[in-house]
**Student:** 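Below: one structure in structure tokens.
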2 protein chains.
Amino acid sequence: MTPHKEDYLKALYELGGSEHLVSNKQIADLLKIAPASVSEMLGKMSREGLIQYEPYKGSRLTQSGLQLAISLVRGHQLWEVFLIRHLGYSWSESHEDAEMLEHITPPRLAARLDRFLNYPAYCPHGNVIPKADGQVENAALEPLKDLSVGEKSKIRRVDEERELLDYLESLGIEIGSPVAVLAIAPYEGPLTLDLDGRNVQISYKAACQIYVDQIHDPDTNNTIF
Amino acid sequence: MTPHKEDYLKALYELGGSEHLVSNKQIADLLKIAPASVSEMLGKMSREGLIQYEPYKGSRLTQSGLQLAISLVRGHQLWEVFLIRHLGYSWSESHEDAEMLEHITPPRLAARLDRFLNYPAYCPHGNVIPKADGQVENAALEPLKDLSVGEKSKIRRVDEERELLDYLESLGIEIGSPVAVLAIAPYEGPLTLDLDGRNVQISYKAACQIYVDQIHDPDTNNTIF
DNA sequence: TTTAAAAATTAGGTATACCTAAAATAGGAG
DNA sequence: CTCCTATTTTAGGTATACCTAATTTTTAAA
């Protein structure tokens, strides 16, 4: 395992490679690497049994590749909790440094860090932290942009991207905050929110990368739509 | 900076490259790399201004190389303190994992870790932890093997080598323990110690890698010898 | 169903960092 | 001061992981 291959595994995992085929282009875009290099690396990883690779179609994680990807994510999230809780990091800073630390976090270290942090269930950005055995249970969430005006919910997760994180932190948006949409401007215009009593405007783009509890129909208890 | 170059910098530092020329062979032996590869890498590092390289003679750290080496050592020691104090690592385990963590510890992270740990002066093995500005003040120590029978001292530092650390930990040897030599068997035989009241035998080899306070002549206050 | 655009692969090239084997240099013993 | 051994360097080769440019395959539109 090299840090490079680990990056490919994580990319594949984040692009849904545990469930369906992922195109080379998606990986190339995410990792900012030339498509030719991706083909080459995927061929190698396929020979190593980390992925299932169908040339010209795409690739998906094998069982062993998935295990590795999950343990990387686990390391990443645990470090984020540590950096924010104990070292005073910001959202974006913690993501940056965890991106490096995850590559040198063998299971022993992850296990001890997990215990030290008292087995956190979520990372500071709201992602579920996989357990040591690779178990992940994801809550059903929907993007804030899909909330209708007037609906109340709670902020549960935000995408881990440096610029977004800095933007959200500057707006004082936090995981767990109660939120309601007061207005949605047309043509991908900004959303006006009631954020725990405060009046806040956020861009449409940000509203696509913030996730909230799904609203349930109180009568049927089924998801609306 | 690559982890590889960082290893060379650290090796050079540990071999005294901040004070005098270090031979390629010493570096090759320490890093377990072929001498030819060392020549090649040192050439490159010299061109980058990290070291002063005199072909066939040896090399020493430049000011900038020394700074980098010291910040690596600083990261290493800080992580050791964290791993032992908060994650329940053993002496040898902490050294192992710190060896990897040091390579991804930019000054920002080191500074925050330092604060979290309350600015420790020593690593768990007794090494002085360099300050953020690169300042290091080393106490005058002597190897335990040079203590005469009957002399009393305190254990201050041990070399960071996996096998040694496991051996010493199994013997219950700790930094700060009062120690006196009860007997020294001839021909590099074992030493019998009074270790804080307990009777302990250690190998001569180990006694070369354990360092204690220098004993001073009470009249002149000068170092004996 | 042909065709054009998009995506993927292959071919050929770069840089890093290692290796072994052969040649060059240095330093101490006689 | 020469010679022998240590050490060091050079030469040539490997593997990783990236690149660009050219070719092939796929997909979707006319």
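Here is how names work: the chains are called A, B, and so on, in the same order as the sequence lines, proteins then strands, and each is numbered from 1.
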**Student:** Please check the phosphate of dG27(C) (OP1 and OP2 only) for any side-chain N or O of Lys57(B) closer than 4.0 Å.
**Tutor:**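 Checking dG27(C) against Lys57(B), a side-chain N or O does come within under 4.0 Å of OP1 or OP2.
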**Student:** Is the centre of the His86(B) ring less than 6.0 Å from the centre of the Phe116(B) ring?
**Tutor:**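 For His86(B) and Phe116(B), the ring centres are under 6.0 Å apart.
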**Student:** Roughly how many Å is it from CG in Leu21(B) to C1' in dG27(C), rounded to a whole number?
**Tutor:**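 Taking atom C1' of dG27(C) as the reference, CG of Leu21(B) is at 16 Å.
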**Student:** Under a 90° cut-off about 0 for the syn range, is dA15(D) syn or anti?
**Tutor:**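 Base orientation: anti.
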**Student:** Could you list the donor-acceptor pairs under 3.5 angstrom formed between side-chain atoms of residues 124-139 of chain A and any protein atom two or more places apart in sequence or on another chain?
**Tutor:**
| unit_1 | atom_1 | unit_2 | atom_2 | d |
| --- | --- | --- | --- | --- |
| His125(A) | ND1 | Glu80(A) | OE1 | 3.0 |
| His125(A) | ND1 | Glu160(A) | OE2 | 3.2 |
| His125(A) | NE2 | Trp91(A) | O | 3.2 |
| Asn127(A) | OD1 | Arg157(A) | NH1 | 3.3 |
| Asn127(A) | ND2 | Glu160(A) | OE2 | 2.8 |
| Asp133(A) | OD1 | Gln135(A) | N | 2.9 |

**Student:** Suppose we call two aromatic rings close when their centres sit under 6.0 Å apart. Are Tyr8(A) and Tyr13(A) close by that rule?
**Tutor:**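 Centroid distance Tyr8(A)-Tyr13(A): not below 6.0 Å, so no.
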**Student:** Would you mind reading off the distance between Lys25(B) atom NZ and dT5(D) atom P, rounded to a whole angstrom?
**Tutor:**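 Going from Lys25(B) (NZ) to dT5(D) (P), I get 17 Å.
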**Student:** Would you mind pulling out the nucleotide paired to dA23(C), Watson-Crick or G-U wobble, both distances under 3.5 Å?
**Tutor:**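 Base partner found: dT8(D).
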**Student:** State, with a plain yes or no, whether a side-chain heavy atom of Leu50(A) is found less than 4.5 Å away from one of Leu61(A).
**Tutor:**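 Heavy-atom side-chain distance check fails, nothing below 4.5 Å.
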**Student:** Rounded to the nearest angstrom, tell me the gap between atom OH in Tyr56(A) and atom P in dT9(C).
**Tutor:**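 Roughly 6 Å, once rounded to whole Å.
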**Student:** Nearest whole angstrom, please: distance from the C1' of dT7(D) to the CD of Gln26(B).
**Tutor:**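 In whole Å, dT7(D) C1' lies 12 Å from Gln26(B) CD.
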**Student:** For nucleotides 13-22 of chain C, give me one character per nucleotide, 5' to 3': B if any protein heavy atom sits under 4.0 Å from the base, S if the only such contacts are to the sugar-phosphate, - if neither.
**Tutor:** ---SBBBBB-
**Student:** Who are the side-chain hydrogen bond (donor to acceptor under 3.5 Å, both in side chains) partners of Gln67(A), not counting sequence neighbours?
**Tutor:**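 Testing Gln67(A) for side-chain hydrogen bond (donor to acceptor under 3.5 Å, both in side chains), a comparison that skips the adjacent residues, returns none.
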**Student:** In whole Å, what is the span from the CD atom of Glu54(B) to the P atom of dG27(C)?
**Tutor:**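 Nearest whole value for this atom pair: 11 Å.
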**Student:** Whether Tyr53(B) contacts dT9(D) is assessed here as follows: a side-chain N or O lying under 4.0 Å from the phosphate OP1 or OP2. Is that the case?
**Tutor:**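 So the side-chain polar atoms of Tyr53(B) do come within 4.0 Å of the phosphate oxygens OP1 or OP2 of dT9(D), strictly under.
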**Student:** Under 4.0 Å between a side-chain nitrogen and a carboxylate oxygen: does that hold for Glu93(A) and Arg112(B)?
**Tutor:**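 Yes.
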